[in-house]
Enquirer: 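Take this structure first; my questions come after.
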Number of protein chains: 2
Amino acid sequence: MATSTAAARREQERSDYNAYLAECPSHNLLAQISSKWITLLLSALAGGSMRYSNLSRAIPSVSQKMLTQSLRTMERDGLLTRTVTAAVPVRVDYELTTLGRSLNVLMTQVKNWAESNMDNVYDARRGYDEREVEDPIAALNRRG
Amino acid sequence: MATSTAAARREQERSDYNAYLAECPSHNLLAQISSKWITLLLSALAGGSMRYSNLSRAIPSVSQKMLTQSLRTMERDGLLTRTVTAAVPVRVDYELTTLGRSLNVLMTQVKNWAESNMDNVYDARRGYDEREVEDPIAALNRRG
DNA sequence: CAGCATCCACATTGATACTG
DNA sequence: CAGTATCAATGTGGATGCTG
């Protein structure tokens, strides 16, 4: 019965920790803001307010669905404001809040890091992939 | 023929931009590093080198699959080193590189932002969700 | 101990068509 | 113009079993 108990205990532990992580709000938030579109929208809106169609053109790879969805999420999280102007046709403007701008500062830094270190990363990848080819040698070494 | 041409042009534009985005290496990199597990692994390894089993225990919610996969990605990108010690049983240590540590500095800032602003975000969400309930009024206003 | 291979469930995303 | 609704494809991650 020992083994089945061990398995049960493992499962219990994992379940506990999952609950802990699911609770952890800062982690959820981190996951949200590091989403692909959020990042792009932050920098698109960094220069000031933009209309829906402007955003759509600024980030042409985004579908209406994801654009709307991301904007709604950001609005809900207080990162931007959505202003509807009653006219024909309707006009909707999006603008970063103070909170949104403060986040953008950080994300810009991360983006800059990515741009600055791209070459390092790509070199590392090339090196890694080449090493993969000569793996047999590593295997020999491992056998002493 | 005007409409079909417009559609074709749109598609062409989108295709062009997609190619542009797919090329954009800093964006790819950004997507990679903002992955859930990468973030956790960075902070787990911030204190120094760790063994595979240590990491597994430090981040209990990660499956072996994702742990291994994430570590390989980070190794490939030059964010950490993987050291195999031939012994029985085998021992594998992971340690952040200088590049990895420099990234961790930024990600820690973002993490801190998330922790500091959690309350703001949650308040905003509550406000948004409450406003949703009284949406009928907004609809009336919109009709002037 | 530190993985890899396989299968599978689910969430995310995209394409398409339609609307106030 | 600024969306909504729906369906299909894709990807991501987890569970399981096996290995050097």
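Protein chains get the first letters and strands the later ones, always in sequence-line order, with residue 1 at the start of each. Predicted, not measured: the structure shown is a model, and the values here were computed from it.
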Enquirer: Between B:Thr97 and B:Leu79 (side chain of the first, backbone of the second, donor and acceptor by atom type, cut-off under 3.5 Å), is there such a pair?
Expert: yes
Enquirer: Select one nucleotide: of C:dG3, C:dG14, D:dG13, the one nearest the side-chain heavy atoms of B:Gln69.
Expert: D:dG13
Enquirer: Whole Å only: how far is the CD1 atom of B:Ile59 from the C1' atom of D:dG13?
Expert: 15 Å
Enquirer: Pairing donors with acceptors under 3.5 angstrom, does anything connect the side chains of A:Tyr94 and A:Thr83?
Expert: no
Enquirer: Indicate whether OP1 or OP2 belonging to D:dA2 is found under 4.0 Å from a side-chain N or O atom of A:Arg82.
Expert: no
Enquirer: Is A:Ser53 close enough to D:dA2 that one of its side-chain N or O atoms is under 4.0 Å from OP1 or OP2 there?
Expert: yes
Enquirer: Counting only side-chain nitrogens and oxygens, does A:Arg51 get under 4.0 Å of the OP1 or OP2 atom of D:dC1?
Expert: no
Enquirer: Rounded to whole angstroms, how far apart are CE on B:Met66 and C1' on D:dG11?
Expert: 11 Å
Enquirer: Can you work out whether A:Tyr52 or B:Lys65 has the more 5'-proximal nearest nucleotide on DNA chain D?
Expert: A:Tyr52
Enquirer: To the nearest Å, how far apart are B:Asn54 CG and C:dC1 C1'?
Expert: 11 Å
Enquirer: Can you tell whether the side chains of B:Arg91 and B:Asp93 come within less than 4.0 Å, N to carboxylate O?
Expert: yes
Enquirer: To the nearest Å, give me how far apart CD (A:Gln64) and C1' (D:dT6) are.
Expert: 14 Å
Enquirer: Nearest-nucleotide wise, let me know which of A:Ser35 and B:Val90 is further upstream toward the 5' end of DNA chain C.
Expert: B:Val90
Enquirer: Expressed as a whole number of angstroms, how long is the span from B:Leu67:CG to D:dG14:P?
Expert: 11 Å
Enquirer: Rounded to whole angstroms, how far apart are CZ on B:Arg91 and P on C:dG3?
Expert: 13 Å
Enquirer: Between A:Pro89 and A:Thr68, name the one whose nearest nucleotide on DNA chain D is closer to the 5' end.
Expert: A:Pro89
Enquirer: Mind calculating the distance between CD (A:Gln32) and C1' (C:dA11) to the nearest angstrom?
Expert: 14 Å
Enquirer: Just by modelled atom types, is the A:Leu99 backbone N or O under 3.5 Å from a matching donor or acceptor in the A:Ser102 side chain?
Expert: yes
Enquirer: Looking at A:Arg76 and B:Ala124, would you say the former's side chain and the latter's main chain have a donor-acceptor pair under 3.5 Å?
Expert: no
Enquirer: Could you check how far CZ of B:Arg72 sits from C1' of C:dG3, rounded to whole Å?
Expert: 7 Å
